[in-house]
Protein chains: 2
Amino acid sequence: MPLLQEEYLQNISYDSVIFGFSGEKLKILVLEYHNMKTFALPGGFVKVNEPLDEAVKRGLSERTGLDEIYLEQFHTFGSMDRFSPAVMRKMLLEQGYDYEDHWFFGRFITVGYYALINYENVVPKPDELSDSIKWYDYDQLPKLMMDHAEIVEKALDHLRSNLDHKLLSFNLLPERFTMKELQQVYEAILGETQNRANFQRKMLSLNILERHEKLFLGGSHKAPFLYSFKK
Amino acid sequence: MPLLQEEYLQNISYDSVIFGFSGEKLKILVLEYHNMKTFALPGGFVKVNEPLDEAVKRGLSERTGLDEIYLEQFHTFGSMDRFSPAVMRKMLLEQGYDYEDHWFFGRFITVGYYALINYENVVPKPDELSDSIKWYDYDQLPKLMMDHAEIVEKALDHLRSNLDHKLLSFNLLPERFTMKELQQVYEAILGETQNRANFQRKMLSLNILERHEKLFLGGSHKAPFLYSFKK
DNA sequence: GCAAAAGTGTTTCCGGTACACCCATGA
DNA sequence: TCATGGGTGTACCGGAAACACTTTTGC
């Protein structure tokens, strides 16, 4: 039997908004419960002897295989509308577990976390209750269950603020990258184009980049410098 | 018997950092469990049919008598060190309740909220487990239990950022106030003096203040304008 | 008239933005 | 030599900061 009551804290869960990027668009990892046509953010529960942050890391690692990922907590959601015992019961039923009553049917206050990763490095794995997990373009998300759409919005708001400091922690780019690649990350996240000349100057003025040798790719134009983040 | 298990969500609590101000220093409301020499932030639990935000409002109202207070959630704390069943048991014992086992002894993940009020309008009331509740200067806080000192620090960080927008919501000042009073609020919260001339211009440029008639107090100097926040 | 507090003006500096120009490269 | 993309220079604007000056008031 999965999800033994003694193993987990009651009434509390986490949901994670995993942003993915790989040179173009911003994407988000979404679980699907096929037979129920229900879409949800990857989430989970906290074990009784486990710090909250650890639980979220564990969940992210199980979905993506990635360790050492920078996760940021952004808000805790505790309204009454995040409560649908019938749906939860059906989820367990689909997996062959028929309970009259289960802690899983109760009300959950959920803590929202987000992360930002390079989705090309990842083969996502569904959890024990869902049938698939897929990347969706941020602007083409399916209808998400309960308040998960609100959770995504709030995550993106937080991601967008103070982006400069965060990109150091998210190791989204390869060790060395061009200024153009960095700009593409910004543009995907902020959802708007940046002025090339000013972007370059702004990044350099932040004093977080180290300049390395030039990168020759055989294009008929000047070769760009490579940069890395300072330690 | 207090704190019936069926009434409350398990493993989840809130703690509130109530900042008080009245013309001079920034203060914080702290509970004391006298016989235990233990100091803590006012907190509480969430009823099974109650939104998280409502629970915090209810708690604040019970401690201060104030309704309609603007509360802001800032972080959720879930590390393992916030867990001390022996202390909790002793707390109940002091009140005459002797339990071998009680949900109150369990581990709690706590959601942090803060508010900012005029402490002169308030006669704080202790909760059912504590013996007193008092205002302490922010820079002379007693040693707080568990991670409550960290909670206070993080609350102040959040309060300090984007202060301009928040002062509209916190109704800390009287309906009409002078620019000097407004500046004193800023200085107490930010912990640093502001240039008078520039402060005045900055506030006026925000376009959130309405100017009213002058205030004559009989001082041998120019009378200041009164201001109110625009609706 | 004088001190004290309030209000306004002036100057400087810096970060952001817009735009122009020059440089390196391979076809 | 030309198109392309990369790097840097310049000019402008607005907000922040430092400081000076003027105004109003009661003694």
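Within every chain, numbering begins at 1; the chains are lettered A, B, ... in the order of the sequence lines, protein sequences first and strands thereafter.
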| Between P of D:dG5 and CE of A:M179, the distance in whole Å | 18 Å

| For the pair made of CD in B:Q184 and C1' in C:dA6, what is the distance, rounded to whole Å? | 14 Å

| task | For the pair A:E192 and A:R160, find out whether any cationic side-chain nitrogen is under 4.0 Å from an anionic carboxylate oxygen. | result | no

| said: Please tell me whether B:F21 and B:Y138 form a close aromatic pair, meaning their ring centres lie under 6.0 Å apart. | reply: no

| Do the rings of A:F177 and A:F229 sit parallel, tilted or perpendicular, given the 30° and 60° boundaries? | tilted

| said: Please report the distance, rounded to the nearest Å, between CD in A:E181 and P in D:dG6. | reply: 10 Å

| A:F77 backbone acceptor or donor facing A:T110 side chain under 3.5 Å | no

For nucleotides 18-20 of chain D, print each protein N/O atom paired with a nucleotide N/O atom at under 3.5 Å, atom names and distance only.
{"residue": "D:dA18", "atom": "N7", "partner": "B:N198", "partner atom": "OD1", "Å": "3.4"}
{"residue": "D:dA18", "atom": "N7", "partner": "B:N198", "partner atom": "ND2", "Å": "2.9"}
{"residue": "D:dA18", "atom": "N6", "partner": "B:N198", "partner atom": "OD1", "Å": "3.2"}
{"residue": "D:dA18", "atom": "N6", "partner": "B:R201", "partner atom": "NH2", "Å": "3.3"}

Review item, nucleotides 22-24 of chain D N/O atoms under 3.5 Å of protein N/O:
{"residue": "D:dT24", "atom": "O2", "partner": "B:K222", "partner atom": "N", "Å": "2.6"}

| task | Find the distance B:M203:CE to C:dA6:P and express it as a whole number of Å. | result | 16 Å

| note | Atom CZ of A:R211 and atom C1' of D:dG7 are separated, to the nearest Å, by 8 Å

| message | Other residues, nucleotides and ligands only: do more than 12 of their heavy atoms fall within 6.0 Å of NZ on A:K37? | response | no

| query | How many Å lie between CZ on A:F199 and P on C:dG15, as a whole number? | reply | 17 Å

| said: Which label fits B:F19 and B:Y114: parallel for a plane angle under 30°, tilted from 30 to 60°, or perpendicular past 60°? | reply: perpendicular

| request: Please work out whether the ring planes of A:Y186 and A:F199 are parallel, tilted or perpendicular, with thresholds of 30° and 60°. | output: perpendicular

| field | Net bend of the helix from C:dG1-D:dC27 to C:dA27-D:dT1, end axes of five pairs each, nearest 10 degrees | value | 20°

| Is the closest basic N to carboxylate O distance between A:E213 and A:R176 below 4.0 Å? | yes

| N/O (side chain, A:Q200) to phosphate O (OP1/OP2, D:dT8) under 4.0 Å | yes

| With a cut-off of 6.0 Å (strictly less than), are more than 12 heavy atoms of other residues, nucleotides or ligands near NZ of B:K57? | no

| Derivation of the side-chain hydrogen bond (donor to acceptor under 3.5 Å, both in side chains) call for B:N171 and B:Y70 | CA-CA 8 Å; B:N171 46 354; B:Y70 176 70; over 6 Å; no

| message | How many whole angstroms separate atom CZ of A:F225 from atom C1' of C:dT25? | response | 14 Å

| message | Please determine whether a side-chain nitrogen of the Lys or Arg among A:R58 and A:E62 lies less than 4.0 Å from a carboxylate oxygen of the Asp or Glu. | response | yes

| Spacing of B:K180 atom NZ relative to C:dA4 atom P, expressed in whole Å | 12 Å

